[in-house]
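Taking it in order: structure first as structure tokens, then the write-up.
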There are 2 protein chains.
Amino acid sequence: MNTKPLIDYFNKILPLDDEEKVFVEAFFKERRVKRRQFILQEGEICMHNTFVLEGCFRMYFIDDKGKEHNLQFAVENWWIGDISSFHAEEPSKLYIEAVENSIILQIKKEDQLNLFVDYPKFNRIFRVLAENAMVGLQQRTIQNISSTAEERYLDFLKRYPQFFNRISNIQIASYLGVTPEFLSAIRKKIAKS
Amino acid sequence: MNTKPLIDYFNKILPLDDEEKVFVEAFFKERRVKRRQFILQEGEICMHNTFVLEGCFRMYFIDDKGKEHNLQFAVENWWIGDISSFHAEEPSKLYIEAVENSIILQIKKEDQLNLFVDYPKFNRIFRVLAENAMVGLQQRTIQNISSTAEERYLDFLKRYPQFFNRISNIQIASYLGVTPEFLSAIRKKIAKS
DNA sequence: ACTGTTTCTTAAGATACCTTATGGGTACGT
DNA sequence: ACGTACCCATAAGGTATCTTAAGAAACAGT
């Protein structure tokens, strides 16, 4: 099992001692997920926190009209999960689907709670993670309420250039909150200028 | 100085012992802020974390066209601050302005960091706070990319009924990402039905 | 109580974005 | 290697939201 990227990731935030590394190795389980497979579906309770080793995921929800809306993508060294469902232990409204064949590391909610009690350092680490995620979401909210779709698309490309050749325009459109047809028009306009 | 609401607030998340209460009383400072006064302006580094005892604030940014966009409101028992600037110690792009005469409790960044080291329980508390904030922002992102302005307004009223008689429609429109004129049209339509 | 400022509303014309439909190209599973 | 499903582009007509301008009502500071 390959926990090295995860341990490196934690080390960058706050260096781990050996005992903490052992815990990580013991309680994060590697799992392979095929393209199109779900690691969470609406109605299920999110019982794992997931770290992506390889591959790509999207998290989305389906509105009353049956339309999908992407909330987040996750590639190597990103976290993904429905925090809301995870914490409240309520049925999730979200889907998390592998966009590519992927490899992930997962920790069970129960084990993560023990982690927080037995190794307090992880409270600091996960606080930092949550705060970083907040900053990202706040940034996205700023974009959503103040920018046009074209500006949002350009910002998306600048912010996540890794996604450009990896995620279809349909998925990007869904993330930006526009129809694929309109994104196509935007791309045409950008190409011309 | 009235730290009781803050201690009650912490106790609800994770009960504090006496030593921790003393720390809170020692390091959170009460401050009175008049209507229209700023506790943070663009260009400043956000050096405090703020808890609202009384009154109401709005946090906003100004886009390249000079337009204001509200990111968040905060009333009694809410936190407010530019986390991004607070953590990175970079100049903020945001303004935080008192909408009413207000009373707040503030802790300096330095003291909050000591708090995390000396009283690890606060790592858990602030991790929970950050996670709650994430859930809220995620919810708002969902709304932004999938709902019409009318739906967003109705959801806003349902979620924050306290704001209805307290915050002007201009401020609500800015929070929702629409013009005041259009919000006015929405309100007219809702009133009819 | 007065006065200046801010707020809310209305309306007309403009722009951003959506819906539906269609066709050609490309990638995936077998 | 094949067929099928998916992806991307284009276009026409429709809806949501913005811009500008103006007036009436409510409010804040003195």
Side-chain angles (χ1 to χ4, degrees), chain A residues 33-37 55-56 58 60 63-70 73 97-102 143-157 163-193, chain B residues 33-37 55-56 58 60 63-70 73 97-102 143-157 163-193:
Chain A
V33 186
K34 284 242 170 95
R35 182 168 200 268
R36 302 269 146 135
Q37 202 178 323
C56 180
R58 70 184 180 108
Y60 65 92
D63 69 19
D64 1 301
K65 285 162 205 152
K67 252 190 208 157
E68 298 177 2
H69 300 274
N70 287 335
F73 300 114
E97 183 196 33
V99 173
E100 308 169 356
N101 294 334
S102 304
Q143 290 276 336
N144 279 334
I145 65 178
S146 72
S147 300
T148 156
E150 181 179 342
E151 290 163 340
R152 261 147 47 216
Y153 178 61
L154 289 171
D155 183 78
F156 177 84
L157 292 184
F163 292 172
F164 182 68
N165 279 313
R166 204 158 166 187
I167 293 176
S168 75
N169 289 323
I170 291 181
Q171 300 304 338
I172 294 175
S174 165
Y175 178 91
L176 295 174
V178 299
T179 58
E181 293 84 356
F182 190 55
L183 178 56
S184 181
I186 289 171
R187 286 158 52 80
K188 186 181 174 186
K189 193 187 157 206
I190 291 172
K192 267 196 217 161
S193 60
Chain B
V33 185
K34 284 241 170 93
R35 182 170 200 265
R36 300 267 150 138
Q37 202 177 323
C56 180
R58 70 185 181 110
Y60 67 91
D63 68 20
D64 0 301
K65 285 162 205 150
K67 250 189 211 158
E68 297 178 3
H69 300 275
N70 288 335
F73 300 115
E97 184 195 31
V99 174
E100 306 170 357
N101 294 334
S102 304
Q143 290 275 336
N144 279 334
I145 66 177
S146 73
S147 299
T148 156
E150 180 179 342
E151 289 164 342
R152 259 146 50 217
Y153 177 60
L154 288 170
D155 183 77
F156 177 85
L157 292 184
F163 291 171
F164 182 67
N165 279 316
R166 204 160 166 185
I167 293 177
S168 76
N169 289 323
I170 291 182
Q171 300 305 338
I172 294 176
S174 166
Y175 178 91
L176 295 175
V178 298
T179 58
E181 293 84 356
F182 190 54
L183 178 55
S184 180
I186 289 171
R187 287 159 50 80
K188 187 180 174 187
K189 192 189 157 203
I190 290 171
K192 267 196 215 158
S193 60

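Letters A, B, ... are given to chains in the order of the sequence lines, protein chains preceding strands, and every chain is numbered from 1.
- Phe156(A) and Phe163(A) have tilted rings, their planes meeting at an angle from 30° to 60° on a 0 to 90° scale.
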Where protein sits on nucleotides 20-30 of chain D, one letter per nucleotide: B base, S sugar-phosphate only, - none, heavy atoms under 4.0 Å: BB------S--
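- Nearest nucleotide to the Asn169(A) side chain, out of dA9(D), dC17(C), dT19(D): dA9(D).
- Protein atom CG of Asn144(A) is 15 Å distant from nucleotide atom C1' of dC17(C), rounded to whole Å.
- Of the side-chain N and O atoms in Ser168(B), none sit less than 4.0 angstrom from OP1 or OP2 of dT6(C).
- For Tyr153(A) and dA16(C), the OH to P distance is 18 Å, given to the nearest whole Å.
- Phosphate proximity of dC18(D) to Thr179(B): present, with a side-chain N or O under 4.0 Å from OP1 or OP2.
- Among Arg166(A), Lys34(A), Arg36(A), the single residue meeting the salt bridge (charged side-chain N to carboxylate O under 4.0 Å, His left out) criterion with Glu100(A) is Arg166(A).
- Look at NZ on Lys65(A): it is 16 Å from C1' on dT20(C), rounded to the nearest Å.
- Overall bending of the helix from dA1(C)-dT30(D) to dT30(C)-dA1(D), expressed as the angle between end axes built from five pairs apiece, is 80° (10° steps).
- Following rounding to the nearest Å, Ile145(A) (CD1) and dT17(D) (P) show an atom-to-atom distance of 15 Å.
- Judged by distance alone, the side chain of Arg152(A) and the main-chain N or O of Ser147(A) form a donor-acceptor pair under 3.5 Å.
- Under the 4.5 Å side-chain criterion, counting only non-hydrogen atoms from C-beta, Gln171(B) is in contact with Phe73(B).
- Side-chain N or O atoms of Asn70(A) include none that pairs as donor or acceptor with a backbone N or O of Tyr60(A) at under 3.5 Å.
- Here the side chain of Lys67(B) is nearest to one of dC18(D), dC8(D), dT19(D), namely dT19(D).
- Taking a 4.0 Å limit (strictly below) on heavy-atom distances, residues 182-190 of chain B reaches DNA chain D at Phe182(B).
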Check against side chain to side chain donor-acceptor pair (under 3.5 Å), Tyr175(A) and Arg58(A): CA-CA 10 Å; Tyr175(A) 178 91; Arg58(A) 70 184 180 108; over 6 Å; no
